[in-house]
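Data block below; observations after.
Convention: sequence-line order gives letters A, B, ...; per-chain numbering from 1.
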Amino acid sequence: MSKIGVFICHCGENISATVDVVRVAEAAGKLEGVEFSTDYKYMCSDPGQTLIKQMIKEKGLTGVIVAACSPRMHEPTFRKACSSAGLNPYMCEMSNLREHCSWVHDKSEATTQKAIDLVRTLVGKVKYNKPLYSIKVPVTKTALVIGGGIAGIQSSLDIANAGHQVVLVEKDPSIGGHMSQLSETFPTLDCSQCILTPRMVEVAQHPNIKLLTYAELEKLEGFIGNFKATIRKKAKSIDEDLCTGCGTCITKCPTKKIPSEFNTGLGKRTAIYVPFPQAVPNKPVIDKENCLYYKNGKCKICEKVCPTGAIRFDQEDELVELEVGAVVVATGFDVMEPSKFSEYGYGKYKDVITGLQFERLASASGPTLGEIRRPSDGKIPEKIVFVACAGSRDPSKGKPYCSKICCMYTAKHAMLYQHKVHHGESTIFYMDIRSAGKNYEEFVRRAIVEDDVKYIRGRVSKVYEENGKLIVKGVDTLLNAKPVEIQADMVVLATAAVANSGAEELAQKMHISYDAYNFFSEAHPKLKPVETNTAGIFLAGACQAPKDIPETVSQASGAAAKVAILFSQDELSREPVVAVVNRSAPPLYSTCVGCFMCATACPYQAIGEELITNRKGEVIKRVAKVNPGLCQGCGTCVAFCRSKSIDIDGYSNEQMYSEVMALLND
Amino acid sequence: MNEFEPKIVAFVCNWCTYAGADLTGTSRIKYAQNVKIIRFPCTGRIDFMLLLKSFGEGADGIIVSGCHPNDCHYTSGNFHARRRWIMFRGLLDMLGIDVRRIQYSWVSAAEGAKWADVVNTTVTAIRELGPYTDYAKVAGYLEKEANV
Amino acid sequence: MNKEDLSFKVRQSTEINVNECYQCGKCTAGCPVAEHMDLRPSIIMRMLQSGDAVAEEEILRSLSIWLCVTCETCYSRCPMELDIPKIMDYLRVRSYNEGKVHRDARDIVTFHKSFLNTVESNGRLHEMGLILDYKMHSGNLFQDVMLAPEMFSKGKLSVFPERIKDLKGLSRLFKGQTKNNKS
Amino acid sequence: MKIGFYPGCSLTGSSREYNESLLAVAKVAGIELCEISDWNCCGSTAAHNLNRELSVSLPARNLALAELEEMDELVVPCAACYNRLVMTQHELAEKPEIKALIEGKLKMTLRNDIRILNVLQFLEKHIVPRLDELVKSPLTYDVACYYGCLLVRPNQVMKDERFEDPMTMDLIMQKLGANAIDWPFKTECCGAGFSVSKTEIVGELSGKIVRSAVDRGAKAIVVACPMCHFNLDMRRPVIESYLQRKIDIPVIYITQAIALAMGLSAQQAGTQRHFVPVNLTVNR
Ligand SMILES: Cc1cc2nc3c(=O)[nH]c(=O)nc-3n(C[C@H](O)[C@H](O)[C@H](O)COP(=O)(O)OP(=O)(O)OC[C@H]3O[C@@H](n4cnc5c(N)ncnc54)[C@H](O)[C@@H]3O)c2cc1C
Ligand SMILES: Cc1cc2nc3c(=O)[nH]c(=O)nc-3n(C[C@H](O)[C@H](O)[C@H](O)COP(=O)(O)OP(=O)(O)OC[C@H]3O[C@@H](n4cnc5c(N)ncnc54)[C@H](O)[C@@H]3O)c2cc1C
Ligand code: SF4
Ligand code: SF4
Ligand code: SF4
Ligand code: SF4
Ligand code: SF4
Ligand code: SF4
Ligand code: SF4
Ligand code: SF4
């Protein structure tokens, strides 16, 4: 006979303001199997936990139910408390009276009744809980970092410096990400390449980091501490061991007119190329789509001129399998293609560009060597209009969210322009100035006060060309909504920061969740900002939401710290929620009939077979057997077994049936 | 006269819908009290006999909700659940249970508002269908099944 | 929200929640007649949000609501997809029914009324009739004197109206409608 | 082939040539446009400015009559009428209570499922595929295609991807041999219904449009709406006084352009009815 203790939490007033907790405790006390019940203001507080421990000892409780917040919040807390009082932690469960009851209903009789129902339901389950013992699994102390922007670089270096192995996978020919494209960076205006390049080199030289560029994740299996990753190394068409990075091939390649991705289409590159001079690794790849040889079988000039004979036209993609214990996802973001805002004329007028393109124009290593020259005719623009929130905060055609970085980089752009073109005029159309970082507001004020950047509060409705000028039709909402028309030489759109195009697919490969905009979801917006809902997979940088470099780097170090914590243990204990096939005395041995429906359903290939032999060694039965190391506890096998021979600890048939019965029979 | 208050059981997975319902709470979005959640590791775990059992014990309606296709925490559990649902519909028909009494949906951890929607539309729908009274048939079937 | 507020009435009648407007001004920036307006579209949205009775009166008595040509530019470009022309329609009907039409808009209203008059009596628009009716009511006797003869000579104006057959059926549509309110 | 046809009031009066050229083009293509018998005025701007119910009931009567005659496609060449009819269809579909009210007054019921085509949609569907065979004397000049407001807006209802820079008319003109220039005023408003009551606004708005077309070298402006035509053609004196300059660019309907390219006479196309003389022999 169970002796269950039920503890009803007020959560300050979060629960007790809508649920009559005293009545819930009373009702719980009357349930069969309940030995003790009470209510308390804050169950998770020290005195709250002490109360539970005390009652376990005093009343000899065999089960504990804490009716409070979501088990996703405090189940570990209370299980630990029980355990310290000598009760098996899996005899403790939580009933969710806060998120699923008091916060979603108004105060009423029905709400209290629902709370009572929820507690009774769980009593039904806990009656059948069995002590379980956590499973120990070994940890592979190698981390996989996906994405080599500043986030991935920082995480890799931190993990490597903690003494663990790192494999860094980058899809492009070089690491560096968006930061390598930037000119100078707010709020300090230091040169982006100057602070980034040393770290890129450090990655390449670190003994604990293995760098795989031009590579992507193909498949991820396994679980925390024991993942198996398959990486596709795309064919670079060169032998990296032989190539010295001399660059002869690049200068001789006849295909020279390919728009350079790195220069956002503002410059050109060859078919065999390194994306930019400071690339890491500084060895070229052949872009098969544009190479003459791959297209029509003629050329091979690079092969002829290469002094080391490093060109390999017959190279094929290679799949590499890695055992890793943790994954850091740092695949970054992208900027929105603004052509659907046809009123802004992007794609139609050459001098309407994006903020990222402006970075290339302002960058000393860019196509104009840092001089701000407009794309159409190379002239230095005398008047530039910047359009903030282009595609952000626009539910109708863009994204409803604020992209967070553009207010700051637009102020930076206007400032850089004013510093370079002293007689120039820059105007920024904005809705709000969002500059809530350390020294950020001061930065924006400087642009306005010292550099005379003109801020006009209002959106732009249309941009069109007339007599070589871009006519920008905007409005000044602070001047009684006065229409404003500016004749500009160049227009820069602060386009929304959006998730990478491949983000959704990648998330599905790894089974992590993502939000409505395809940014990856953190496990908790405040308290678990670098974790995902999948144990062992962490997030860093702009793949989780738009963010600037300081924030990206903090999160990257945070993710690295989480990995280091994980790797500080040799073994992990896992929740013992695993499936088992029943066993009974001979001659039956098990009710399992060996149909292996369960095995076909198991997504983790965790079910194998076991041969039952008699004393003579003759096989008398073939039954299913679960490998608890592989089983993740989804329970699919249980639903598939017609003979009810396989069951899952923690969510057994007995428990679940009893739970349903208790719910429906008050 | 008292309005009919349907009893509805929600079978949800731990990773998506349970978390989604948590978000409904954190966002303080209100919904009807009639639905009570039972937590499963995955919709793949949900045995349809258990759904029948619920009708047998007096449920008027059921919600089964898990991760979106391709987003299953366990790779493919929800996919199995969907496949079995097709067979299950046939069984419901045979037992004379209106399929509208079971609402099948996907609610992710980020869809707090959607969970409130699912609950409210289900409650309205079941209210219109009225109480479910034919337990005996289901109970009979379950008994037969148990004896096999 | 106060049920007496104009914005509440707007929401009831048009299903548009003016609180969605975040005052970006894109509507005004693209409005072809904004320069001529006393209250520009985004200002009208702001005034509706304010719930201020004086502001509401000002809207109904404004010239702007009559200057709006229903070109839908604002609606097409509004990031919040707020259907301003629909709000304008509502405000105009209110302004007209309550006799609050701005004096510089009287010609516009007279024109619309003349238009509906000829439609009511013929079922179709009779342009000559419209111009005559409008001239009589607006007092702008000489306006467009030059246009009519040339239109006539080009075959663009007919002296006699085309009438539809089922005028009786049509009159049911006009019955009880407040087309002839004083302005 | 028989297709329903709602000419609307302007086409029986001030834009007679639009009607004539459309019918002429259809005839050459072997398409019969059947006028809804006893159709009435759609109410235009006047109705929706002053009276919400009339703005729906007047167009609804026409839709009901068209249904009686079992038309499943209805061509509405006037952009303003088209806009009213489409918005009415939308409103009737969304608001069953209004539909019931109006059906009661009309003493007719509405299925509300007619496919309403504006002139560009009609041309694209029934004429454009056959232009290659029908064009006899290709046009040889630069034109500015002017769409105005109501053919493309609101995009929430029209769902055209390129509502800021539409191309349908431009593509048709190119098929006729003309060169459609790129210009930024394609969808700017001409002043629409203010032609009589606020003529000076029309002078300004239409003036900017005409100026841009001329300055970019167009030899003609092509339109698909009677109101646009009225303002750009007949209001030329007001336009010229706003611009302080004489401008003689003619304004032709797209249907006139097609008629001319098909080899029909100027008379058949109705260009003699314009205020600004149409003299389009100028070659590029
Ligand atoms: C115009 C502009 C100006 C900016 N200016 C500033 C500034 O002045 N100061 C500042 O603090 N911030 C600035 N930022 C923000 C800054 O760029 C970001 O904070 C930073 O780049 C985020 O770094 P990240 O590593 O998270 O992402 P990214 O830089 O996007 O790097 C992601 C990396 O992952 C790789 N990748 C993507 N998908 C995969 C995949 N499936 N497999 C393998 N690899 C993959 C990409 O190729 C890339 O190398 C600016 C941003 C923009 C757009
Ligand atoms: C009105 C208000 C509302 C807010 N609402 C939200 C919200 O809704 N959501 C949100 O995300 N954030 C909110 N915040 C922000 C949130 O409070 C902070 O982000 C958070 O508290 C910062 O935590 P901390 O540990 O850095 O600092 P603190 O919370 O300030 O903790 C610092 C601790 O250090 C101790 N300490 C200080 N000096 C010494 C010393 N010399 N030696 C030893 N101990 C010392 C202090 O006593 C204190 O306990 C809010 C803040 C305010 C003011
Ligand atoms: S246990 Fe949960 S519900 Fe109770 S006080 Fe703590 S947070 Fe609140
Ligand atoms: S020429 Fe050969 S060695 Fe030099 S960069 Fe090219 S591939 Fe490498
Ligand atoms: S083979 Fe291809 S990569 Fe090599 S030089 Fe020729 S075009 Fe360039
Ligand atoms: S950061 Fe500024 S510019 Fe960017 S979306 Fe937010 S408010 Fe707009
Ligand atoms: S456990 Fe069940 S499903 Fe699996 S083989 Fe045995 S009888 Fe079949
Ligand atoms: S519970 Fe069953 S189906 Fe799920 S992982 Fe374990 S063995 Fe496989
Ligand atoms: S465009 Fe829309 S959101 Fe912006 S001010 Fe106008 S109505 Fe408001
Ligand atoms: S619909 Fe009216 S308010 Fe809107 S842009 Fe056109 S004229 Fe201006």
Worksheet item: Are the charged groups of C:Lys26 and A:Glu343 less than 4.0 angstrom apart, N to O?
Response: yes
Worksheet item: Can you name the residues of residues 56-72 of chain C that have some heavy atom under 4.5 Å away from a heavy atom in chain A?
Response: none
Worksheet entry | Cationic N near anionic O, under 4.0 Å, A:Glu551 to A:Lys404 | yes
Practice prompt. Counting only heavy atoms closer than 4.5 Å, note whether A:Asp476 contacts chain C via side chain, backbone, both or neither.
Written response: neither
Fill in: A:Asp394 and A:Tyr401 side chains, donor-acceptor separation under 3.5 Å
no
Worksheet item: So, do A:Tyr514 and A:Phe519 have ring centers that fall under 6.0 Å from each other?
Response: no
Discussion item. Tell me if a side-chain donor or acceptor on A:Arg459 pairs with a main-chain N or O of C:Pro79 at a distance below 3.5 Å.
Written reply: no
Discussion item. Less than 4.0 angstrom from a charged side-chain N to a carboxylate O is my criterion; do A:Asp432 and A:Arg393 meet it?
Written reply: yes
Worksheet item: When only pairs under 4.5 Å are counted, which of A:Pro395, A:Ser461, A:Gly474 shares the most heavy-atom pairs with chain C?
Response: A:Ser461
Worksheet item: chain C: which of A:Pro400, A:Gly398, A:Gly458, A:Pro483 shares the most heavy-atom pairs with it under 4.5 Å?
Response: A:Pro483
Worksheet item: Which of residues 43-55 of chain C get closer than 4.5 angstrom to chain A, counting heavy atoms alone?
Response: C:Ile43
Worksheet item: Can a donor-acceptor pair be found between the side chains of A:His413 and A:Glu359 at a distance below 3.5 Å?
Response: yes
Worksheet item: In terms of side-chain geometry, is the basic nitrogen of C:Asp89 or C:Arg92 positioned less than 4.0 Å from the acidic oxygen of its partner?
Response: yes
Worksheet item: Judged by modelled atom types alone, do C:Gln23 and A:Thr477 share a side-chain donor-acceptor pair under 3.5 Å?
Response: no
Worksheet item: Heavy-atom distance under 4.5 Å to chain A: side chain of C:Cys31, backbone, both or neither?
Response: neither
Discussion item. Are A:Tyr346 and A:Phe341, when compared by the centres of their aromatic rings, separated by less than 6.0 Å?
Written reply: no
Practice prompt. Inspect the contact between A:Asp351 and A:Arg374 and indicate whether a charged nitrogen and a carboxylate oxygen are less than 4.0 angstrom apart.
Written response: yes
